[in-house]
Number of protein chains: 2
Amino acid sequence: MGITKSEHFTDEQNELATLAKAIGHPARIAIIQHLIKVNSCVCGDIVNELPLAQPTISQHLKELKNAGLIKGNFEGNAICYCLNEEGFNKIKGFFQHINTYLENKKNQCC
Amino acid sequence: MGITKSEHFTDEQNELATLAKAIGHPARIAIIQHLIKVNSCVCGDIVNELPLAQPTISQHLKELKNAGLIKGNFEGNAICYCLNEEGFNKIKGFFQHINTYLENKKNQCC
DNA sequence: TATTTATATTGCAATATTACGATATAGATA
DNA sequence: TATCTATATCGTAATATTGCAATATAAATA
């Protein structure tokens, strides 16, 4: 169907999925990596950096922003983007949990 | 278009995106969480655990397996699944990098 | 071997995502 | 105010994802 049955899952599961999904595109990975590199930059810089048209970048930025992974502030007539700690903190615990589990798991699978 | 221009991005960016995308569905989050809880289990257990039909679960398991996040071994006529350390190790560095960056970033955005 | 049990695959409908040209909007500047 | 610059939104085409019924496959057991 193409429609995810979110109502059958917990809020936490849906939230983690939304965050991971937002990260799950190479352009959005590239945007995140670029923001780490330059700390903060305007949308136009990202358009110059990536091989995608301006409306496409704008759309990817919107998705990252909706997921709470980046934030943007007006700076003149441009918009300055940077990472949003809040979003990343929400996934942090999930991966730490997995890592702790995997490190302590002595017995091989099955 | 719906087609991701993966050829324009680095292998690392595409790989990270594939992993995050595989995690980006509540059912697959639930599967991962269940596998952490019970360490390993057969497909049928997951079908009983989640509110989705057997073919749908099978498809989600396939995606997690293709991404390298779980592995399955035959156990009689059933298949026993558990987490695959390899896949999770690949994303580990990415999030650690982000966390280190965010912890050290003193200056506010923009 | 026939049947049962467990999982995968096929086929398909509904919906979502990706990408971009065209256009709108909003602040800066001449 | 007219124009420029930067970004967002709209509309749309191409493709991908989600979900499941029906069916196939493969190992276990009667």
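Keep in mind that this is a model prediction, so the values were computed, not measured. All heavy atoms count here, side chains included; hydrogens, waters and symmetry mates do not. Proteins come first, then strands; the chains are lettered A, B, ... in the order of their sequence lines, and each starts at number 1.
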Ionic contact status for B/Lys92 with A/Glu103, cut-off 4.0 Å: yes
Close approaches to DNA chain D from residues 42-61 of chain B, in residue order (heavy atom, under 4.0 Å): B/Leu52, B/Ala53, B/Pro55, B/Thr56, B/Gln59, B/His60
B/Thr4, nearest nucleotide to its side chain (from C/dA19, C/dA8, D/dT5): C/dA19
Short side-chain N/O contact from B/Lys62 to OP1 or OP2 of C/dT9, under 4.0 Å: yes
Atom CG of B/Asn48 with >12 non-hydrogen neighbours under 6.0 angstrom: yes
Gap between atoms CG and C1', on A/Asn73 and D/dT7 respectively (whole Å): 15 Å
Protein-nucleotide distance (B/Glu63, atom CD; C/dT9, atom C1'), rounded to Å: 14 Å
Between D/dT5 (P) and A/Glu75 (CD): distance, integer Å: 18 Å
A/Gln13 and A/Thr10 side chains, donor-acceptor separation under 3.5 Å: yes
Hphob cluster co-occupancy, A/Phe74 + A/Leu61, side-chain heavy atoms under 4.5 angstrom: yes
4.5 Å side-chain heavy-atom contact, A/Phe95 and B/Ile23: yes
Test item: side-chain donor near acceptor, B/Tyr101 and A/Asn39, under 3.5 Å: yes
Touch class at under 4.0 angstrom, heavy-atom based, for A/Lys65 against every strand present: nothing
Closest nucleotide among D/dT7, D/dT9, C/dA16 to the A/Lys21 side chain: C/dA16
